[in-house]
Amino acid sequence: MRYRTLNKNWQYNRVYGRGKSYVHPHVVLYVAKNRLGYTRIGLTATKKVGHAVQRNRARRIMRAALSEHLSQNIGGYDIILVARGQTPHLKSTQLSKTLGKLFAKAGLPDLARPAQPAPAVENPQ
């Protein structure tokens, strides 16, 4: 799945400033609505994560986990995933479970989570 990326510094600053953050020991999720009608993604791994190999691994794992949860038509959101110290040592399946929880907290539609059926209403007749 290909998605559009955040690629300008001011776009990241807008999400950091106006968006909501959801923190987990594995990753931090920032979410902000945009008016574009499509979702843009930013993946960040700072030098606190480790050297270049570890930072690239962290971004690769985040990209793989995100592909399981992100549908192409969830609407207009800007989403940033920030790697933390444990991220390069995880498997993508472990991070995928974490992202599922964070997506649920943020109220984002999740491709991996089945749609909740409407509760059945009993008609007393």
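The model shown is predicted, which means the values in this text are computed figures rather than measured ones. One-based numbering along the sequence shown.
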Could you grab the distance from atom [atom1] of [X] to atom [atom2] of [Y], nearest 0.5 Å is fine?
X	Y	atom1	atom2	answer
Thr44	Tyr16	OG1	OH	4.0 Å
Leu99	Gln94	CG	CD	12.5 Å
Asn13	Leu6	CG	CG	11.0 Å
Arg63	Arg60	CZ	CZ	8.5 Å
Arg4	Ile41	CZ	CD1	12.0 Å
Lys97	Ser92	NZ	OG	11.0 Å

Of all the heavy-atom pairs spanning [X] and [Y], show the shortest one and how long it is.
X	Y	result
Val31	Tyr22	CG2-CE1, 4.4 Å
Val49	Gln54	O-OE1, 3.5 Å
Ser21	Tyr30	CB-CE2, 3.5 Å

>> Within the structure provided, determine whether Leu66 and Phe103 are in side-chain contact (heavy-atom separation under 4.5 Å).
In response: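 When only atoms from C-beta onward are counted, Phe103 and Leu66 do touch, with a gap below 4.5 Å.
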>> If we ignore hydrogens and angles and just use 3.5 Å, is the side chain of Arg55 paired with the main-chain N or O of Thr46 as donor and acceptor?
In response: no
For residues 76-90, which side-chain N or O atoms pair as donor and acceptor with protein atoms under 3.5 Å away, sequence neighbours left out?
from	atom 1	to	atom 2	distance (Å)
Asp78	OD1	Asn34	ND2	2.7
Asp78	OD1	Arg40	NE	2.9
Asp78	OD1	Arg40	NH2	3.3
Asp78	OD2	Arg14	NH1	3.0
Asp78	OD2	Arg40	NH2	2.9
Arg84	NH1	His24	O	3.0
Gln86	OE1	His26	NE2	3.4
Thr87	OG1	His26	O	2.4
Thr87	OG1	Arg84	N	2.9
Thr87	OG1	Arg84	O	3.1

